Amino acid sequence: MKTTDSTAQKRPLQQNEENAKIELYLSDLWKGLLKFWWVCVGLVVIFAGIMFFRSYMSFSPRYTVSATFTVQTQAVGAEGSGISSYSFYYNRATADQLSDTFPYIIESNLLQEAICEDLNISYVPVSLGATAVSETNMFTMTAVGSDPQQTYDVLISAIENYPSVAEYVIGSTMLTMISEPVFPEEPSNKQSYLNQMIFGAAFGGLIGIAWIILYAIMRNTIRTKQDIREKLNQFCLGLIPNVVFKKHNKEINRALLISNPMVGDSFQEAVRMMRNAVIQSASEEIKVIMVSSTAPAEGKTTVAVNLAASIAKVGKKVILVEGDLRNPSILKLIQNCERTAIKDETKFCFERIDELNIDLLTFKTENHTAQKIMRADYFSKFFDRLRKEYDFVIVDTPPCALTSDPTAIAQASDAAVLVIRQDCVRINRIKYALDSLMSVDIEILGCVLNGAASGLGGYGESYRYGRYSKYNRYSYGRYGYEKEKS
């Protein structure tokens with residue numbers, strides 16, 4: 001009975017996973033369409049133009065001239081005093097004979113030579129053909145060529161020379177014209193450029209669709225909690241939502257902080273779940289936790305600030321350290337929060353953020369002096385001092401894949417949390433970031449999946465998310481690196 005119940009419980013889970021995979025694939029196709037629609041349009045235009053040009057260059061006009069007539073053979077009869085008489089007649093047996101011989105005579109070398117001699121040409125540049133109406137002596141002779149005048153002249157010559165050539169095969173014949181040949185004014189094979197362009201456009205569109213499908217299949221980024229477990233072999237500490245602020249006529253607070261009521265309950269609940277996971281994963285010896293990412297604009301600062309504020313809510317004394325000296329961003333996020341100076345020294349400044357119930361430490365340094373501070377021994381002594389005064393030290397660091405600065409901080413920290421922007425950075429780059437942290441023997445508590453959307457673009461997760469700044473729009477120059485698309 002237990003086995004049956006267990007199987008019944010697994011079925012909905014398997015169905016949900018299959019639905020999530022389908023939704024994930026559809027989302028990849030949709031993202032591919034949004035990203036490469038211009039490629040599809042370009043291919044449609046290019047191949048339509050190619051087919052038009054090809055049709056225009058390869059088009060050769062063909063002119064058709066035809067004539068319909070009846071063919072009668074001559075018979076010899078006796079009259080009166082032994083004088084022979086001649087008459088032309090038709091019967092069914094004659095029709096059958098003409099059906100077999102007439103096309104042969106039209107295509108014979110004898111008729112071709114007669115036409116060449118008649119028109120004073122070396123060869124017949126026109127295709128001659130003949131068709132017969134079944135069980136009658138009615139025939140249609142057709143001439144097809146590239147020159148209208150020449151095609152018309154060849155057909156006239158063939159009609160005139162046919163009786164003399166046919167006399168060698170079936171005897172004397174007589175042609176009775178039913179439909180005379182008409183000089184061709186227009187080609188009979190008018191080119192349809194529109195059809196060719198439609199064919200080329202359809203072919204280009206298929207290539208564009210194939211490109212989008214290949215893009216969807218080859219995507220190699222982190223998009224779900226399962227990806228973190230299966231592809232990175234790391235624990236997922238939580239999913240942080242991307243908040244979509246509604247449009248307002250007046251200016252509102254758009255800071256992504258749990259103290260801001262405009263962010264909504266889902267954002268605050270996600271931060272609480274992440275905080276609980278971090279506290280449960282950390283042992284009693286872990287006090288200094290660095291928060292980093294693989295690349296810029298993955299939301300590491302937002303995660304670090306909200307993690308510190310959320311831990312402070314459970315009665316812990318927390319200090320937030322601005323460790324990203326080359327591109328400090330904490331002050332930008334908390335610019336609407338009031339700060340009170342606690343201690344202002346030569347190289348750093350302590351401030352109190354009452355709204356978040358945390359302390360903030362920022363370094364007074366420029367980019368050219370950052371290298372002097374970014375040493376493991378410096379941070380080790382500094383963090384030892386903070387460990388005595390605070391329960392947790394949360395350090396916002398630069399991205400791991402861009403500079404060596406996080407390595408120095410990691411050597412002095414107790415544990416690390418890696419923020420991964422959903423569907424942003426390739427897995428091989430994320431693994432490189434994890435390897436760089438593991439090289440200094442720091443404990444990695446897990447990863448935080450940031451910006452995991454729901455619905456068509458969200459792979460079946462439970463939150464509604466908005467937008468952060470795009471990864472490939474971030475200024476890499478601030479870290480001394482050229483811009484690189486992930």
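Because the structure is predicted, anything quoted here is derived from the model rather than measured. For reference, positions follow the sequence shown, starting with 1. Only heavy atoms go into these numbers, but all of them, side chains included; no hydrogens, no water, no symmetry mates.
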- Query: Can you list the steps and then say if Thr131 with Thr142 is a side chain to side chain contact (heavy atoms under 4.5 Å, CB included)?
  - Reply: CA-CA 8 Å; Thr131 57; Thr142 304; 5.7 Å; no

- Side chain Glu322, main chain Asp324, donor-acceptor under 3.5 Å: yes

- Note on the structure: Closest heavy-atom pair, Cys40 versus Ile209, reported as atoms and distance to 0.1 Å, is SG-N, 4.3 Å

- Message: Is it the case that atom CZ in Phe59 sees more than 12 heavy atoms from other parts of the structure closer than 6.0 Å?
- Response: yes

- Message: For Tyr193 and Phe52, take the angle between the two ring planes, folded into 0 to 90°, and tell me which bin it lands in: parallel under 30, tilted 30 to 60, perpendicular over 60.
- Response: tilted

- Is any side-chain heavy atom of Gln335 less than 4.5 Å from a side-chain heavy atom of Lys332? no

- Item | Heavy-atom check, side chain of Asp405 versus side chain of Leu325, under 4.5 Å | no

- Leu256 and Thr302 have their tightest heavy-atom pair at O-CG2, 3.7 Å

- Message: Is any side-chain heavy atom of Lys388 closer than 4.5 Å to one of Asp384?
- Response: no

- Above 12 or not: heavy atoms from other molecules or residues under 6.0 Å from NZ of Lys316? no

- Item | Heavy-atom side-chain contact between Leu386 and Val321 under 4.5 Å | yes

- Message: Determine whether Ile240 and Val271 satisfy the following criterion, side chain to side chain contact (heavy atoms under 4.5 Å, CB included), listing intermediate values before the conclusion.
- Response: CA-CA 7 Å; Ile240 303 301; Val271 172; 4.2 Å; yes

- To the nearest 0.5 Å, what is the distance between CD1 (Ile207) and CG (Leu43)? 6.0 Å

- Is there a donor-acceptor contact under 3.5 Å from the side chain of Ser127 to the main chain of Val144? no

- Item | Asp435 atom CG: more than 12 heavy-atom contacts under 6.0 Å | yes

- Task: Work out which heavy atom in Ile444 is nearest to a heavy atom in Leu434; give both atom names and the distance.
- Result: CD1-CD2, 3.9 Å

- Query: So does Tyr432 have more than 12 non-hydrogen atoms from other groups sitting under 6.0 Å from OH?
  - Reply: no

- Task: Take atom CZ of Phe36 as the centre, draw a 6.0 Å sphere, and report whether it contains more than 12 heavy atoms from other residues, nucleotides or ligands.
- Result: yes

- Message: Quick one: does any side-chain atom of Gln268 pair with a main-chain N or O of Ile258 as donor and acceptor, under 3.5 Å?
- Response: yes

- Message: Does any part of the side chain of Ile311, heavy atoms only, come nearer than 4.5 Å to the side chain of Ile394, both counted from C-beta?
- Response: yes

- Task: Would you name the heavy atoms of Leu128 and Ala143 that are closest together and state the gap between them?
- Result: CD2-CB, 3.7 Å

- Item | Separation between SG of Cys424 and CZ of Arg429, rounded to the nearest 0.5 Å | 9.5 Å

- Neighbour count above 12 (heavy atom, 6.0 Å) for Tyr56 OH: no

- Just by modelled atom types, is the Ile427 backbone N or O under 3.5 Å from a matching donor or acceptor in the Asn220 side chain? no

- Find the distance between OG1 (Thr221) and CG (Asp227) and round it off to the nearest 0.5 Å. 7.5 Å

- Apply side chain to side chain contact (heavy atoms under 4.5 Å, CB included) to Leu33 and Leu29, showing your working. CA-CA 6 Å; Leu33 181 62; Leu29 291 177; over 6 Å; no

- Starting at CG of Asp414, measure out to CD1 of Ile442 and round the result to the nearest 0.5 Å. 7.5 Å

- ring-ring contact (aromatic ring centres under 6.0 Å, His included) pairs touching residues 322-357, sequence neighbours excluded, are Phe348-Phe350, Phe348-Phe382

- Starting at CG of Leu237, measure out to CD1 of Ile228 and round the result to the nearest 0.5 Å. 8.5 Å

- Query: Got a sec: does the NZ of Lys317 have more than 12 other heavy atoms crowding it under 6.0 Å?
  - Reply: yes

- Roughly how far, to the nearest 0.5 Å, is CZ of Arg229 from CG of Asn233? 11.0 Å

Can you give me every donor-acceptor pair (side chain of residues 286-293, partner residue at least two apart or in another chain, under 3.5 Å) with its distance?
| from | atom 1 | to | atom 2 | distance (Å) |
| --- | --- | --- | --- | --- |
| Lys287 | NZ | Arg387 | O | 3.3 |
| Ser292 | OG | Thr397 | OG1 | 3.2 |
| Ser292 | OG | Pro398 | O | 2.8 |
| Ser293 | OG | Ala295 | O | 2.9 |

- Query: Is the backbone of Lys313 close enough, under 3.5 Å, to the side chain of Asn357 for a donor and an acceptor to pair up by distance?
  - Reply: no

- Is any side-chain heavy atom of Met141 closer than 4.5 Å to a side-chain heavy atom of Ser66? no

- Do the rings of Phe383 and Phe379 sit parallel, tilted or perpendicular, given the 30° and 60° boundaries? tilted

- At their closest point, which heavy atom of Ala312 faces which heavy atom of Leu356, and how far apart are they? CB-O, 4.0 Å

- Query: Any sub-3.5 Å donor-acceptor pair from Gln422's side-chain atoms to Arg223's backbone N or O?
  - Reply: yes

- Counting N and O atoms only, with roles assigned by atom type, does the side chain of Asp391 sit under 3.5 Å from a partner on the main chain of Val318, one being a donor and the other an acceptor? no

- So which heavy atom on Leu257 is nearest to which on Phe267, and how close? C-CE2, 4.2 Å

- Item | Backbone N/O of Glu298 and side chain of Asn450: donor-acceptor pair under 3.5 Å | yes

Sequence neighbours excluded and cut-off under 3.5 Å, please list the side-chain donor-acceptor pairs for residues 274-281, or say none.
| from | atom 1 | to | atom 2 | distance (Å) |
| --- | --- | --- | --- | --- |
| Arg275 | NH1 | Ser310 | O | 3.1 |
| Arg275 | NH1 | Ser310 | OG | 3.2 |
| Asn276 | ND2 | Arg272 | O | 3.3 |
| Ser281 | OG | Ala277 | O | 2.7 |

- Task: Answer yes or no: is there a side-chain heavy-atom contact under 4.5 Å between Leu155 and Val126?
- Result: no

- Query: For Ile330, does its backbone N or O pair with a side-chain atom of Asp396 as donor and acceptor, under 3.5 Å?
  - Reply: no

- Are the side chains of Cys400 and Leu437 in touch, meaning some heavy atoms are under 4.5 Å apart? yes

- If you draw a 6.0 Å radius around CD in Glu338, do more than 12 non-hydrogen atoms from other residues or ligands fall strictly inside? no

- Verdict with supporting geometry, Cys349 and Lys343, side chain to side chain contact (heavy atoms under 4.5 Å, CB included): CA-CA 6 Å; Cys349 175; Lys343 186 184 297 185; over 6 Å; no

